[in-house]
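Sequence positions, counted from 1, serve as the residue numbers for this chain.
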Amino acid sequence: MLKYANLALLVLFPVAWFAPLIRAGLNLPLFGLSEISVVSGLQSLWKSDVVLALIVTVFALFAPYMKTIGLALIHFGLLRRKALPALQILGKLAMADIFLIALYITISKGIGLGRIEVAWGLYLFTGCILASIAIGHLSEKRRPRAGNGAQAE
C-alpha cells in the first residue's frame, strides 16, 4: 500500500507546483489578487535573485521529487534500504520550504500593505510533503519480507 501512495505523489507533486499557493494584492477595492504558485514564484525569483532561486528550486522541486523517486525504487526492490536515512533528509529539506512560505505570509499580513489569502495549492503542497515524510517513516519501520529477499512495500 505504501508504494502506491508514494507513486500517487509522483503525480500530485507536479499538480501542487502549478496550483495557486497564495493570492496576493493591494488592499484597494479595484485591484484583484494575483495567484502565486511554486512555479510562478520561481520564475519571478530567477529574474531577480539566481542564487536564492536555485536554493528554493532544490528545496521545493528536486528534494521532494527525488525522495519520492528514491522511495519508489526501494519499494520495488531497485534500491537498497540503506538509502532511507538520506531520503528522509530530503523530505525534511522540503518541509523547510513550507515553513518559509508560512513565514512570508505571516510577515506580509503583519505589514498590512497588501492582502494575502492562502489558496488550495498550499494545502496540497503541504499535504504532499507531509505524506512523503510519513511514507518514508513507515517505510523505515517496515522490514524486508523473509524468503525471497524482496524489499518491503
Exercise. Please tell me if the side chains of Leu61 and Val56 come closer than 4.5 Å, counting only heavy atoms from C-beta onward.
Key: no

Quiz prompt | Note, Tyr123 side chain near Val118 side chain (heavy atom, < 4.5 Å) | solution = yes

Quiz item: Does the side chain of Leu21 reach to within under 4.5 Å of the side chain of Ile36, using non-hydrogen atoms?
Solution: no

Self-check item: Pair Phe125 + Trp120: ring centers closer than 6.0 Å
Solution: no

Self-check item: From OG (Ser37) to CD (Gln43), nearest 0.5 Å
Solution: 7.0 Å

Exercise. Test Val51 against Asp49 for side-chain contact (heavy atoms from CB on, under 4.5 Å), laying out the working first.
Key: CA-CA 6 Å; Val51 174; Asp49 190 341; 3.9 Å; yes

Quiz item: Can you tell me how far NE2 of His137 sits from CD of Gln88, rounded to the nearest 0.5 angstrom?
Solution: 8.0 Å

Quiz prompt | Donor-acceptor under 3.5 Å (Lys67 side chain, Ser132 main chain) | solution = yes

Quiz item: Is there side-chain contact between Leu10 and Leu7, with heavy atoms separated by less than 4.5 Å?
Solution: yes

Exercise. For the pair Trp46 and Thr57, evaluate side-chain contact (heavy atoms from CB on, under 4.5 Å) and give the outcome as yes or no after the intermediate values.
Key: CA-CA 10 Å; Trp46 278 104; Thr57 299; 3.5 Å; yes

Exercise. Side-chain contact test, heavy atoms from C-beta onward, threshold under 4.5 Å: evaluate it for Leu71 versus Leu84 and give yes or no.
Key: yes

Quiz prompt | Distance in Å, Phe13 CZ paired with Ile129 CD1, rounded so as to fall on 0.5 Å steps | solution = 4.0 Å

Practice problem: Start with the C-alpha gap between His75 and Asn6, add the side-chain angles, then the distance that decides, and say whether side-chain contact (heavy atoms from CB on, under 4.5 Å) holds. | Solution: CA-CA 9 Å; His75 291 153; Asn6 190 57; 4.0 Å; yes

Practice problem: Answer with yes or no whether the hydrophobic clustering places Val11 together with Ile133; edges join I, L, V, M, F, W, Y residues whose side-chain heavy atoms lie under 4.5 Å apart. | Solution: no

Exercise. Grab the two heavy atoms, one from Pro20 and one from Ala119, that are nearest each other, plus how far apart they are.
Key: O-CB, 3.1 Å

Quiz prompt | Side chain proximity check, Ile74 to Leu87, heavy atoms < 4.5 angstrom | solution = yes

Exercise. Could you tell me whether a side-chain N or O of Ser139 sits under 3.5 Å from a main-chain N or O of Ile135, the two making a donor and an acceptor?
Key: yes

Quiz prompt | Side-chain heavy atoms of Val38 within contact of Phe18, under 4.5 Å | solution = no

Quiz item: Looking at Ala19 and Gly121, what are the two nearest heavy atoms and their distance?
Solution: CB-CA, 3.6 Å

Quiz prompt | Non-hydrogen atoms of Tyr65 and Pro14 that approach each other most closely | solution = CE1-CD, 3.9 Å

